[in-house]
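For reference, the structure discussed in these notes is given below.
Every chain is numbered from 1, with letters handed out A, B, ... down the list of sequences.
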Amino acid sequence: MAMPTNTIPNPPKLNRRIAPTVARAIVRLWPQQTRAWGQAFAAELPAAESTGATIPWLIGGLTVMLREWCKHAWRSFFRPIGANPNAGESAGAFTQRYSRTPRMPLWLMLALTFSSAVILLHPEVRQSLRKLRSEYSRSKWRPEQWSSVKELRAISKSNRDPQLLALLSMLSDNDEERLRLSDEAIRKDPSLTWLDYEQSLLPLNDFNNQKCLPQERLERLRKWDPENSVPHLLVAEIIAKPARTDAFDALMRGKTVPAWEQGLASNSLWTSEMHAAFTAPKYDSYTSQGIELVRTVSSRFSIHDPEIALYVLTTRRVMQFDLLRGYAAVLMDRAAALQATGDTNEAIATYTEILHFTQRMSLDGKGPSEQYFGQEIGEKAAIKLVPLYDSLDRTEEASLVRFQLEKWTAEHDPKIMRYVPLHYRQSQWNSLAWSGLIIHSAALVLLIVFPITSIALTFIFRRRWTPLAQRGLSDFWASICADSAPWLLFASSVLLYLTYHPYAKLCSAFLKGGDGSPNIETFVAASMVPNVVPDYAELIYDPYSQWVGITAALCLLLTFFFWRMILRSKSAA
Amino acid sequence: MGRRLRISPQTLALLEALLHKPTTWHHGYALSQQTSVASGTLYPILMRLEKLRWLETSWEQPGTAAGRPPRHLYRLTSEARGWAREELADAQQRRIWKPALGNA
C-alpha cells in the first residue's frame, strides 16, 4: 500500500486533552452500522494543526454523526423492533425453535400505537373509561371526587354564578353546604327558589333522621310558586310524618296496623293541605328546572359531563307518592260513601278531583315516576267515573274519561320500568348489557396489553444483539406480544369507541337540549352504559369473583414461569 | 458507467483531488485541506462514494505513526477514475466547475 502524501504536524497543545475526549464521545454516540466512519473522522483529529482547525473539524464530525443518527432512525422505521441490521438474519433461514423475532415494521407499530392513542384520548372514550373506573372505585356516586365537579368548584371560587352555585348545591353531599349554596343562589336569582324543594329532605344520607323543610323555606317556596301542588304536598308530608312513622315502626315490629291515612282522614290540617294540592292548577316537581340547570351550567362553563346530569336526575328529591295514594284512598272511600247515599254529583266531583290531579301529575310532572303514579291512582277514579256519567246520560264527559282510560291502557308499559329494572324490557336491556360487556372486554384487553407490551418491547430491545441461537422461550413470547399487541391495542380502542359512541351521542344531545334531545328515560338508559352487563357477567362486580380472577391469572403466570424453569433445567441436563 | 453521483461543487472538488494522484491513498484531513471542504460535508460525500463503489477504503497499518490512531485512507477504484474524469469534463463543459489543481 502506498502511504499518504500528507505529514502530521504536532497536535496543538490546547487540544491535547479536550478534543480527543469530545471525538471519543462522538464516536461512542455514532450509530453502530457506520461507526467505522466515526472512527475515521476521529483518527484525523491529531492532524489538525491549530485550535482554529480542530473546532470546525469536531463540529463537522458532530453534524455527520447527527446526520447518521437521523438516517439510522429513518431506516429503523422500516425494520421490526429489535431487529439487528448488522446480523443479516433472515426469517426464512434456518432458525432455532425459539428464534422467532418480531416481524412488524416499526412504522406500522408506531402508526397503530399512535392511532390507538388518538382514539383513547377522544373525549367519548375517556368518558367511558372514567365511568368504568368509577364503577370499580369509591368515586361512584361521589361527585366531589369527579374531575368535572372539582373543576366547577374551582370556578365557583372566583365566579359566584347563581346557576353554578345551584348546581353545586345539588351535587354536594354536605347538608350545610347544600343549604348555604342554594340560599346564595336563590338570593342572587329568585327564579331558582325551586331549589328549596330539592333541599326539603335533609340529611341527605341518613334516611332515618331526615327532617322536612324548615317553615321559612317552605313559605318562601309557596310564595314563589303559589299555584303549584308540590309546596302543599310538602306541608302535608310534615303533618303526616308522625302517623306514617308510627305505622312504619309498628309494621317493623310485626304488628298489623290500620292504614295510616285512616287516622289522618280526620286531621283537618292534613286534609285541607291535600285538598289544596289536589285542586291546585299545576303540578311541578321541578324536574325540567333541574335538567335545564345542568344544561345551562354545562354550556356556560364548557364542562359536559353526563354523569352530573345523571346524578342530579337520580338523586333528586322524589315526591312521597304513598301520601298521594293515601289521600286518593280517603277520597275514593268518601266518594263511594256519597255514591251509596245517592249523592251522585258529589261523588262525581270527588272522583273528578282525583282524576284531574292525576292528569296534571302525569302531564306536568315530566318525570317517569310521576307519569307512572299519576296513571296508577287516576285509573281507579276513572273506572268509577265512567258508569256514574253513563247513569246520568253525561255521554260527552263519559267518553272523555273513557278516552283517558284507553290512553293509559295503551301506555300501560309503565315508563318507570325504563329507569332501572330493564329486565322487563329484554331487547333494550340486551343491547345495553352487550354494549357494556364489549366495553368491559375492550378495557380489560387494554389493561392487559399495556403492561405486557411494555415489558415485551423492553425485553426485545435489550436483547437485540443476542444471536438467534441463544434466544429462548421468553424471546419467542416477547416477539409474539410485540407483533400482536399493537393490533390488539388498535382493535380494542376502535371497538371501545364504536360501541360507546351511540350512547355518548345520546348523552351529549341530552346535555345540549333542544329539539333533538332524547327524553329522560333514554338518557338514563344510555348513561347506564358501560356499567351494565348481562346477568351472567355480573359477577365481575363481585369482590370475591374479582379476587378469584386475579388469583387465577397469577396462578397461570406462575405456571408459565415454572414450565420455563423445567424446560431450562431439561435443556441444561 | 456506475451509478451517477449527486454532483455538487464539493463532490467535483473532491473527485479532482482524488484524481490528482489517483493511485495514492489519501486521508480525510488532507482532502479537506486540499479541497477546502469542511469535515461535515466531506465525510457524507466519501460515504456516498464508497456506497456507490467509486471509492476504495483502507485502514492504515497500526504503528505506522506512534502516538496516534490508524487513519482511514481513500482512493478511487480503477473503474471510477474513468467515470470521475467524465463527470469533471462534463461539468467543465457545462461551466459549472473549473479545475483548481491543474489537469486531472
Side-chain angles (χ1 to χ4, degrees), chain A residues 1-13 15-17 19-24 26-28 30-50 52-72 74-75 85, chain B residues 6 8 10-11 13-14 16-52 55-78 81 101-102:
Chain A
M1 182 195 290
M3 289 311 294
T5 49
N6 308 68
T7 53
I8 300 167
N10 284 334
K13 284 179 187 173
N15 299 338
R16 271 183 201 157
R17 285 183 185 174
T21 312
V22 175
R24 271 199 300 276
I26 290 173
V27 172
R28 223 178 10 255
W30 207 287
Q32 198 162 0
Q33 293 92 313
T34 55
R35 191 168 287 169
W37 285 98
Q39 285 160 345
F41 137 82
E44 296 296 327
L45 201 62
E49 301 101 349
S50 61
T54 307
I55 292 172
W57 191 259
L58 282 176
I59 292 171
L62 192 70
T63 54
V64 179
M65 184 267 284
L66 292 174
R67 186 175 168 277
E68 285 305 300
W69 258 116
C70 292
K71 275 167 70 179
H72 172 74
W74 174 249
R75 282 179 195 144
Chain B
R6 199 169 63 217
S8 65
Q10 290 87 346
T11 311
L14 185 65
E16 188 196 14
L18 289 165
L19 278 174
H20 189 59
K21 287 179 181 172
T23 53
T24 310
W25 289 96
H26 302 263
H27 54 75
Y29 189 75
L31 287 170
S32 170
Q33 295 290 88
Q34 269 177 280
T35 56
S36 304
V37 175
S39 59
T41 312
L42 178 77
Y43 278 93
I45 298 172
L46 289 173
M47 288 157 86
R48 212 176 303 134
L49 284 172
E50 196 221 16
K51 203 174 171 188
L52 294 171
L55 204 63
E56 249 182 295
T57 62
S58 170
W59 284 98
E60 210 174 43
Q61 291 299 320
T64 310
R68 63 168 176 78
R71 302 165 87 178
H72 207 207
L73 308 169
Y74 319 98
R75 71 179 178 195
L76 288 172
T77 59
S78 51
R81 284 172 209 150
L101 301 171

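In this structure, B:Y43 and A:E68 have side chains that are not in contact, with every pair of non-hydrogen atoms separated by 4.5 Å or more.
Of all heavy-atom pairs spanning B:P44 and A:V64, the tightest one is CD-CG2, 3.8 Å. The minimum heavy-atom distance between A:E44 and B:H27, with the atom names listed, is OE1-ND1, 3.1 Å. Residues A:W57 and B:S39 come closest through the heavy atom pair O-OG, 3.1 Å.
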Donor-acceptor pairs under 3.5 Å, side chain of residues 35-43 of chain A to any protein atom, not counting sequence neighbours: which ones?
| residue | atom | partner | partner atom | Å |
| --- | --- | --- | --- | --- |
| A:R35 | NE | A:V27 | O | 3.3 |
| A:R35 | NE | A:W30 | O | 3.1 |
| A:R35 | NH2 | A:R28 | O | 3.3 |
| A:R35 | NH2 | A:W30 | O | 3.0 |

